[in-house]
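Beneath this line is the structure, given in C-alpha cells, with notes to follow.
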Amino acid sequence: MGIRTKMTEDALKIDSTDQYVLNERAARADRLVEKWSRVPEIGSGLKNMTEKRAQTLAILLENQVKHLSKLSETQYSNAFATTPENMIRLVRLAYPNSIRDKLFTEFAMETAKDSIKYIKPVYTAKGSAISRYMGDSTPFDTSHVTYEDSEDLFPTEMARATMGGADPITASFTANEFATGAYIPGYAQFFAADGTCIAIENRSGTFTVGSAYTVTIIYAGNGVYTIEGADRALVTKAIGRYNSEVDLLGTHLGEVELVMTDYQFKIRPTTLGVSWTTLSELLLDSTVGVSTEDTLMDAAGQEIKKALDFRAVKIAYSAAQTNGYAKLEFDAEAGAGTDDSYIATAQTITQIIERIGDVQYNDIKRGGVSRIVGGPGAVTYLRLVNGFTTKGAQPRIGGYQVGELLGVPVFKVPSDVIPDNELLCVWKNENNEADVSIAFGTLVPFFSTGSLQRKNFYKEAGLASFGDWQILNNKYFGIIKINNIRGVVV
C-alpha cells in the first residue's frame with residue numbers, strides 16, 4: 001500500500017459502532033422533542049430552546065413519566081395531594097431555569113448505567129519508527145490528545161537527528177525516517193535545549209548562525225553534520241527533511257485516531273424534605289384565593305433548582321482549587337499605582353479575565369472564559385465595567401444570571417458557595433457538548449415519597465432527584481480574587 005493511499009484511509013478514523021451510538025441517541029432525543037412539543041402547556045416553548053437543552057428536557061420528561069407510570073393512583077395523589085400532570089410541570093419548571101446547564105453540561109440519562117461519550121483525537125502509537133517531535137519524549141502514544149500538544153512535525157517531512165559526540169558534536173540524519181537514504185540536505189535546523197534556534201542551513205549548503213553563538217557547522221555528507229566551536233555543547237536538538245516518497249508502505253506516517261471514551265455515571269439521590277401545615281392549606285384556598293397545590297409546586301420547583309445549582313457550583317469551585325492553576329489577583333483600589341479613578345480601574349479587570357484563558361491555552365492549547373460565576377461582591381463589581389449589560393438576567397432566586405460582560409454570561413451565587421470577592425471563570429466548548437469541565441447526569445428528575453399527615457396538623461414529604469456528576473476536565477476553571485472592593489469586607 002502506497003503512502004498516499006494510507007494517508008487517505010487511516011490518517012483519521014472513528015469506529016462505525018461508536019458513530020452509530022451517537023447518531024441513534026440524537027435521533028431518539030429528537031423524536032421525544034417532537035412528542036413533548038405537542039403537549040399543551042408542558043411543550044410550550046420547547047422548540048424555542050436550543051437543540052441541546054430541548055433534547056435534554058424531553059428525555060427528562062420521558063423518564064419522569066416512566067417513573068410515574070409505575071406508581072398507583074394513591075401513591076401519586078398523596079404526593080402534595082397532587083397529580084402526575086403537576087409533577088411533569090415541576091420538571092418543566094425547574095430544569096430549564098437552572099443555571100447548571102448554562103455553566104456546565106446537563107446529560108439526560110436513559111438508563112441507570114448510562115455514560116457520556118467523549119470523542120478525542122489521539123496519536124496512534126508507532127513505536128521507534130517515528131522521530132518527528134520536538135519535546136523530550138515522543139508524542140506518538142494514545143495518552144497524548146493531539147489538540148493538547150504543541151507538536152507540529154508529525155504531518156510533515158521534518159524529523160529529528162540523532163545527536164552524539166562531544167568534540168565535535170555530531171547530528172546524524174540516518175535512522176528511522178532517514179534509514180533508506182531519504183535525507184534531503186538544505187533544510188536542517190539546530191536548537192538549544194530550551195527550543196532556541198541556534199543555526200539554520202540554507203539551500204546553498206551554507207549556515208546562518210545566531211549572533212549570540214559561536215559555532216561552526218559542517219555537512220560531512222550522507223546525512224551527518226559536525227558541530228564545532230565554543231558553544232557547540234548548547235546544540236542539543238536538530239531537525240532535517242526526509243523524502244516521504246520512498247516510504248511506500250507508510251511505515252513512518254504520523255497517524256491520528258478518533259477515540260471514544262465513556263464516562264460512567266453512578267446514580268445517587270439528591271434529597272430534600274418539604275413540610276407545610278393544614279392551616280396554610282385552608283388559608284391559601286379560602287382567603288387568599290391561591291391554589292395550595294400550585295403554590296407548593298412552585299416552591300418545590302424553586303427549591304430543587306436552588307439545590308442543584310449550588311451543588312454544581314460548589315463542585316466546580318473545588319475542582320478549580322485543585323487543578324494546579326494559581327488564583328489570579330486583581331486590585332480594585334482606585335489608581336492601584338496610577339492616577340486612575342475607582343471606575344477607571346474597574347475597566348481593566350477584563351485583562352485579568354482574558355489572562356485566565358491565556359493560562360489555559362498555554363497549558364492545554366485551548367480554553368478561555370465563556371461563563372463567569374462569582375460571589376455577590378465580585379459580581380456586583382463587574383457592573384462598573386462599561387461592557388456589562390443585563391441581557392439574559394433571571395429572577396434573583398438561588399443561583400441566577402445577572403447579565404453579560406462583553407458577551408460572556410455572568411451568574412451570581414451566595415458567598416458561602418463562592419467567596420464574596422472571587423470569580424470562578426469557566427470554559428465550555430460550544431462545538432462539543434462532551435468537552436466541558438463537568439457533566440451532570442440525571443435519570444429521574446423528581447421523586448416524591450408522598451405526603452404524611454402528622455397529628456400536629458403538619459404534612460411532610462421527601463423529594464429526591466436521582467443522578468450523578470463527573471469532572472471531565474478541571475483545567476477549564478480559573479479563579480480571580482478581587483481585592484479592595486469598596487463595601488466588601490472579607
With a 3.5 Å cut-off and no angle check, do the side chains of [X] and [Y] form a donor-acceptor pair?
{"X": "T442", "Y": "R100", "answer": "yes"}
{"X": "T345", "Y": "E333", "answer": "no"}
{"X": "R366", "Y": "Y476", "answer": "yes"}
{"X": "E329", "Y": "N483", "answer": "yes"}

Please lay out, stage by stage, how F265 and F107 fare under the test side chain to side chain contact (heavy atoms under 4.5 Å, CB included). CA-CA 10 Å; F265 290 113; F107 183 82; 3.5 Å; yes

With heavy-atom distances below 4.5 Å as the criterion, would you say the side chains of [X] and [Y] are in contact?
{"X": "I397", "Y": "K306", "result": "no"}
{"X": "Y317", "Y": "E422", "result": "yes"}
{"X": "N473", "Y": "W427", "result": "no"}
{"X": "S370", "Y": "V408", "result": "no"}
{"X": "D468", "Y": "L443", "result": "no"}
{"X": "L472", "Y": "V436", "result": "yes"}
{"X": "D363", "Y": "K475", "result": "yes"}
{"X": "L328", "Y": "I479", "result": "no"}

Of the non-hydrogen atoms in [X] and [Y], which two are nearest, and what is the gap between them?
{"X": "V426", "Y": "L103", "value": "CG1-O, 3.7 Å"}
{"X": "I349", "Y": "I482", "value": "CD1-CD1, 3.5 Å"}
{"X": "L424", "Y": "A316", "value": "CD2-CB, 3.8 Å"}
{"X": "I471", "Y": "A319", "value": "CD1-CB, 3.9 Å"}
{"X": "G399", "Y": "F310", "value": "N-CE2, 3.3 Å"}
{"X": "N474", "Y": "T322", "value": "ND2-O, 4.0 Å"}

One should read off an interatomic distance between C425 SG and E354 CD, to the nearest 0.5 angstrom, of 10.5 Å

Hey, does the Lys NZ or Arg CZ of R486 hover above the aromatic six-ring of Y342, less than 6.0 Å from the centre and inside 45° of the axis? yes

Does the structure place the NZ or CZ of K428 under 6.0 Å from the centre of the six-membered ring of F104, at an angle of no more than 45° from the ring's axis? no

Checking L308 against F440 for the side chain to side chain contact (heavy atoms under 4.5 Å, CB included) test, could you report, in this order, the C-alpha distance in whole Å, the side-chain angles of both residues, the deciding distance, and whether it holds? CA-CA 10 Å; L308 293 175; F440 291 87; over 6 Å; no

Q401: partners by side chain to side chain contact (heavy atoms under 4.5 Å, CB included), with sequence neighbours left out: K102, Q394, E404, P409, F411

Would you say [atom1] of [X] has more than 12 non-hydrogen atoms from neighbouring residues, nucleotides or ligands within 6.0 angstrom?
{"X": "Y400", "atom1": "OH", "result": "yes"}
{"X": "K365", "atom1": "NZ", "result": "yes"}
{"X": "I343", "atom1": "CD1", "result": "no"}

Under the criterion side chain to side chain contact (heavy atoms under 4.5 Å, CB included), which of V417, N421, L423, D416 is the partner of P419? N421

Please check if the side chain of [X] supplies one atom and the backbone of [Y] the other of a donor-acceptor pair under 3.5 Å.
{"X": "N484", "Y": "A332", "answer": "no"}
{"X": "K237", "Y": "G195", "answer": "no"}
{"X": "D309", "Y": "I99", "answer": "yes"}

Please test I315 against R311 for side chain to side chain contact (heavy atoms under 4.5 Å, CB included), starting from the C-alpha separation and ending with a verdict. CA-CA 6 Å; I315 292 170; R311 180 172 180 242; 4.2 Å; yes

Would you give me the side-chain donor-acceptor pairs under 3.5 Å for residues 375-393, sequence neighbours excluded?
{"from": "T380", "atom 1": "OG1", "to": "P376", "atom 2": "O", "distance (Å)": "2.8"}
{"from": "T380", "atom 1": "OG1", "to": "K412", "atom 2": "NZ", "distance (Å)": "3.3"}
{"from": "N386", "atom 1": "ND2", "to": "Q347", "atom 2": "OE1", "distance (Å)": "3.3"}

Residues M109, I267; criterion side chain to side chain contact (heavy atoms under 4.5 Å, CB included); working and verdict: CA-CA 10 Å; M109 300 172 63; I267 64 167; 3.3 Å; yes

